[in-house]
Amino acid sequence: MTAESQIGQQTLPRHVAIIMDGNGRWAQRQGKPRVWGHKKGAEAVRRAVSFCRQLGIPSLTLFAFSSENWRRPQTEVDTLMQLFMLVLKKEVKSLHKHNVKLQIVGDLSAFDQKLRASINAAEALTAGNTAMTLNIAANYGGRWDMLNAARQLAVKVHANELLPEAITEQMLAEQMQLHDQPELDLLIRTGGDLRISNFLLWQAAYAELWFTETLWPDFDKTVFADAIAAFVNRERRFGCTGEQIQALLHNKG
């Protein structure tokens with residue numbers, strides 16, 4: 001039996017999350033302003049979505065803007081917000097065409113009304129799509145997620161709808177972002193840092209972690225295939241390579 005057929009018979013990750021790090025450094029190495037790296041990073045997002053769509057991975061979550069990113073220079077924050085708006089308007093039709101549901105997760109209250117309206121419109125357009133779900137984490141933090149979930153349960157306790165001793169792990173999980181999607185299987189971070197930076201702290205409890213020196217704008221199908229191959233090898237205990245994942249992708253296409 002070939003490795004490709006073995007991979008096909010095994011369970012690929014059903015939910016992949018990526019910390020997209022390295023846009024600014026990539027631009028600086030090209031002698032360009034940091035915003036250039038963010039624009040190039042949008043192209044890597046398209047490649048990642050296409051790869052998951054072709055492999056049949058049902059959920060992809062991308063860390064676009066953390067709650068800590070507000071500390072960056074105001075000009076960069078403003079540019080990120082403008083780029084977010086532009087990408088929303090430009091890409092949502094393509095996502096819809098390919099049956100991809102778009103979901104923005106995080107504390108959206110910090111965004112201006114125009115951006116929130118664009119988010120709502122994009123989510124509404126793609127709400128019925130079923131091929132895969134693309135989650136964009138914006139103004140998101142793992143600690144915020146858990147705090148918000150705890151507050152939701154506290155409201156029920158205060159209203160005498162729930163006894164504190166009756167609270168279960170499952171109840172808390174149901175208040176978390178992404179609770180309606182497959183459990184997170186694989187968490188990838190680009191850019192060389194070996195930390196998860198307050199991303200999906202609850203959801204990543206049993207996820208496989210995979211780190212690469214590759215900067216996000218250079219993250220392509222070959223690098224993604226290596227990450228999937230590492231996951232398959234860890235989970236299913238048989239060896240495979242990025243080239244074999246690429247072969248599987250080719251066969252599916």
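Heads up: numbering here begins at 1 and tracks the sequence. Remember, predicted model here, so these are calculated numbers, not experimental data.
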Using 30° and 60° as the class boundaries, would you call the ring planes of Y140 and W144 parallel, tilted or perpendicular?
perpendicular
Would you give the length of the straight line joining atom CZ of R234 to atom CG of D185, rounded to the nearest 0.5 angstrom?
12.5 Å
Please evaluate residues K221 and Q54 with respect to the criterion side-chain hydrogen bond (donor to acceptor under 3.5 Å, both in side chains), reporting the C-alpha separation (whole Å), side-chain torsions for both, the decisive distance (0.1 Å), and the verdict.
CA-CA 11 Å; K221 290 184 177 180; Q54 289 176 270; 2.9 Å; yes
Distance-only, no hydrogens or angles: does the D193 side chain make a donor-acceptor pair with backbone N or O of R195 under 3.5 Å?
no
With Q170, the side chain to side chain contact (heavy atoms under 4.5 Å, CB included) member among L172, I167, T168
T168
Are I57 and L95 co-members of a hydrophobic cluster defined by side-chain heavy atoms under 4.5 Å apart?
yes
Is R34 reaching over with its side chain to a backbone N or O of A27, donor-acceptor style, under 3.5 angstrom?
no
Donor-acceptor pair, distance only, cut-off 3.5 Å: does the side chain of Q203 make one with the backbone of Q177?
yes
Between V155 and L163, is there a shared hydrophobic cluster once you connect ILVMFWY residues whose side-chain heavy atoms come closer than 4.5 Å?
no
Hey, what do you get for CG (L108) to CG (N120), rounding to the nearest 0.5 Å?
8.0 Å
Connected via hydrophobic side-chain network under 4.5 Å: F63 and M146
yes
Neighbour count above 12 (heavy atom, 6.0 Å) for R46 CZ
yes
Using a cut-off of 6.0 Å, state whether more than 12 heavy atoms not belonging to R14 lie near its atom CZ.
no
Applying side-chain contact (heavy atoms from CB on, under 4.5 Å), run through L134 and L62 and close with a yes or a no.
CA-CA 8 Å; L134 171 62; L62 303 177; 3.9 Å; yes
With distance as the sole test, does D107 use its side chain to make a donor-acceptor pair with the main-chain N or O of N139 at under 3.5 Å?
no
Does a salt bridge link D112 with K114, judged by any charged N lying under 4.0 Å from a carboxylate O?
no
Taking all non-hydrogen atoms of both residues into account, name the closest pair between S197 and R189 and its distance.
OG-NH1, 2.6 Å
Test W202 against E169 for side-chain contact (heavy atoms from CB on, under 4.5 Å), laying out the working first.
CA-CA 11 Å; W202 177 275; E169 181 178 312; 3.8 Å; yes
Could you tell me which non-hydrogen atom of M20 sits nearest to which non-hydrogen atom of A64, and how far apart they are?
CE-CA, 3.7 Å
Here the gap from W210 atom CH2 to D226 atom CG, rounded to the nearest 0.5 Å, amounts to 5.5 Å
For the backbone of T133 and the side chain of Q103, can you confirm whether one donor and one acceptor N or O come within less than 3.5 Å of each other?
no
Nearest 0.5 angstrom please: F211 CZ to T190 OG1, how far?
11.0 Å
Taking all non-hydrogen atoms of both residues, which atom of A48 and which atom of F224 are closest, and how far apart?
O-CE1, 3.8 Å
Under 3.5 Å: donor-acceptor pair, side chain of N129, backbone of V100
yes
Rounded to the nearest 0.5 Å, what separates atom NZ in K97 from atom NZ in K93?
12.0 Å
Stepwise, does the side-chain contact (heavy atoms from CB on, under 4.5 Å) test hold for T214 with D220?
CA-CA 9 Å; T214 301; D220 57 17; over 6 Å; no
F219 backbone acceptor or donor facing R47 side chain under 3.5 Å:
yes
Out of E183, Q181, H15, which residue meets the side-chain hydrogen bond (donor to acceptor under 3.5 Å, both in side chains) rule with S59?
Q181
ILVMFWY network linking L102 to V49, side-chain heavy atoms under 4.5 angstrom
yes
Would L178 and L184 satisfy side-chain contact (heavy atoms from CB on, under 4.5 Å), going step by step from the backbone distance to the final call?
CA-CA 9 Å; L178 309 177; L184 182 62; over 6 Å; no
Minimum heavy-atom distance K89-S118, with the two atoms named:
CE-OG, 3.9 Å
Using a 3.5 Å distance criterion without hydrogens, assess whether the side chain of R25 forms a donor-acceptor pair with backbone atoms of L215.
no
From L162 CG over to Q152 CD, what is the distance, rounded to the nearest 0.5 angstrom?
12.5 Å
Any donor and acceptor pair, going by atom type alone, linking the side chain of W216 with main-chain N or O of G41 inside 3.5 Å?
yes
Does one hydrophobic cluster hold both I119 and V92, with members joined at side-chain heavy-atom distances below 4.5 Å?
no
Would you find a donor on one side and an acceptor on the other, under 3.5 Å apart, between the side chain of T126 and the backbone of A122?
yes
